[in-house]
K.L.:
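Okay, handing you the structure first.
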Amino acid sequence: MGESVVERVKRALTSPTIQSRCADVASVFSSLPVEDLHTSFPGLLSNIFGFDGSQGWHLHILTKDMHQNDYNTVRAFLSPRGTLFQLIAKLQAHPSVISFDFPFSSIPVGASAGES
């Protein structure tokens, strides 16, 4: 019996290096049916950007000068033609499936300054 979707996603998100993580995420998430992608996508975003209070992928310390290979890998992954946006496009192709709740508390302070 093969791995469940949850196990495959967890394995991809916990790959030991940023380069292997990007490759594993691309492989696992691109092969998911839209319904499973929809369920797993918020967790992917949280894992990358740290919305849940974690440090995410430590993007804030990733610099071209210090970690050129990792920097280039993440840059390609997050680029408009990269894996993340390909997954977004896949979800947008099925508008009846996509609906996400995003906690207001996760929006950076500067971005939410207009709210009262």
Side-chain angles (χ1 to χ4, degrees):
M1 189 167 161
E3 284 182 301
S4 72
V5 170
V6 171
E7 291 167 333
R8 290 174 57 213
V9 167
K10 183 177 180 180
R11 182 177 40 80
L13 294 176
T14 57
S15 290
T17 68
I18 197 81
Q19 292 178 36
S20 64
R21 197 172 314 137
C22 287
D24 290 350
V25 164
S27 174
V28 169
F29 278 77
S30 64
S31 68
L32 292 178
V34 158
E35 293 78 16
D36 291 334
L37 176 57
H38 175 262
T39 303
S40 303
F41 193 72
L44 171 63
L45 294 179
S46 181
N47 188 272
I48 294 170
F49 299 110
F51 296 138
D52 59 1
S54 72
Q55 292 294 314
W57 289 8
H58 300 280
L59 299 179
H60 63 286
I61 62 169
L62 192 61
T63 64
K64 189 175 185 178
D65 295 335
M66 298 290 290
H67 310 280
Q68 186 170 5
N69 291 336
D70 289 347
Y71 176 88
N72 290 334
T73 299
V74 170
R75 185 172 183 221
F77 182 87
L78 297 176
S79 75
R81 292 190 181 129
T83 299
L84 187 64
F85 280 90
Q86 289 174 3
L87 297 174
I88 291 168
K90 185 175 179 179
L91 288 167
Q92 286 179 325
H94 302 277
S96 62
V97 177
I98 60 171
S99 172
F100 297 104
D101 292 325
F102 190 81
F104 187 73
S105 61
S106 294
I107 297 173
V109 174
S112 62
E115 292 293 319
S116 35

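When a residue number appears, it is its place in the shown sequence, counting from 1.
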K.L.:
What's the shortest heavy-atom distance between S20 and S15, and which atoms?
P.N.:
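Looks like OG-CB, 3.3 Å.
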K.L.:
With a 4.5 Å cut-off on side-chain heavy-atom distances among I, L, V, M, F, W and Y, is there a chain of contacts connecting V25 to V6?
P.N.:
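As far as the 4.5 Å side-chain criterion goes, V6 and V25 are not connected within one cluster.
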K.L.:
Which atoms form the tightest heavy-atom contact between L37 and K90, and what is the distance?
P.N.:
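Taking L37 first and K90 second, the nearest heavy atoms are CD2-CD, 3.7 Å.
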K.L.:
Out of D36, L32, L87, which residue meets the side chain to side chain contact (heavy atoms under 4.5 Å, CB included) rule with F41?
P.N.:
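When side chain to side chain contact (heavy atoms under 4.5 Å, CB included) is applied between F41 and each of D36, L32, L87, only L87 qualifies.
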K.L.:
Tell me if the NZ atom of K10 is crowded by more than 12 foreign heavy atoms within 6.0 Å.
P.N.:
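At most 12 heavy atoms, drawn from other residues, nucleotides or ligands, come within 6.0 Å of this atom.
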K.L.:
What heavy-atom pair brings S30 and S27 nearest, and what distance separates the two atoms?
P.N.:
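Taking every non-hydrogen atom into account, OG-O, 3.3 Å.
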K.L.:
Which heavy atom of P80 sits nearest to which heavy atom of F85, and what is that distance?
P.N.:
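Residues P80 and F85, closest heavy atoms: O-CB, 3.3 Å.
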K.L.:
Do L45 and L84 have side-chain heavy atoms sitting under 4.5 Å apart?
P.N.:
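Yes; the side chains approach each other to less than 4.5 Å.
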K.L.:
Looking only at non-hydrogen atoms, find the nearest pair between S40 and F29 and report the distance.
P.N.:
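Heavy atoms of S40 and F29 come nearest at CB-CE2, 3.7 Å.
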K.L.:
With the 4.5 Å side-chain cut-off for hydrophobic clustering, are L91 and I88 part of the same group?
P.N.:
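Cluster IDs for L91 and I88 match.
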K.L.:
Name every donor-acceptor pair, under 3.5 Å, that has one atom in a side chain of residues 60-70 and the other anywhere in the protein, sequence neighbours excluded.
P.N.:
{"from": "H60", "atom 1": "NE2", "to": "Q55", "atom 2": "OE1", "distance (Å)": "3.4"}
{"from": "T63", "atom 1": "OG1", "to": "M66", "atom 2": "N", "distance (Å)": "3.2"}
{"from": "D70", "atom 1": "OD1", "to": "Q19", "atom 2": "NE2", "distance (Å)": "3.0"}

K.L.:
Measuring from atom CD1 of I48 to atom CG of L13, what distance do you get when rounded to the nearest 0.5 angstrom?
P.N.:
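Here the rounded value is 8.0 Å.
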K.L.:
For R11, enumerate each residue passing the salt bridge (Lys or Arg N to Asp or Glu O under 4.0 Å) test, keeping only those at least two apart in sequence or located in another chain.
P.N.:
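R11: salt bridge (Lys or Arg N to Asp or Glu O under 4.0 Å) contacts with E3.
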K.L.:
Are L59 and L78 close enough that some pair of their side-chain heavy atoms sits under 4.5 Å apart?
P.N.:
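They are in side-chain contact.
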K.L.:
Supply the atom-to-atom distance N72 CG to F77 CZ, rounded to the nearest 0.5 angstrom.
P.N.:
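Taking CG in N72 and CZ in F77, the distance rounds to 15.0 Å.
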K.L.:
So do the side chains of I18 and R21 get within less than 4.5 Å of each other, counting heavy atoms only?
P.N.:
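They are in side-chain contact.
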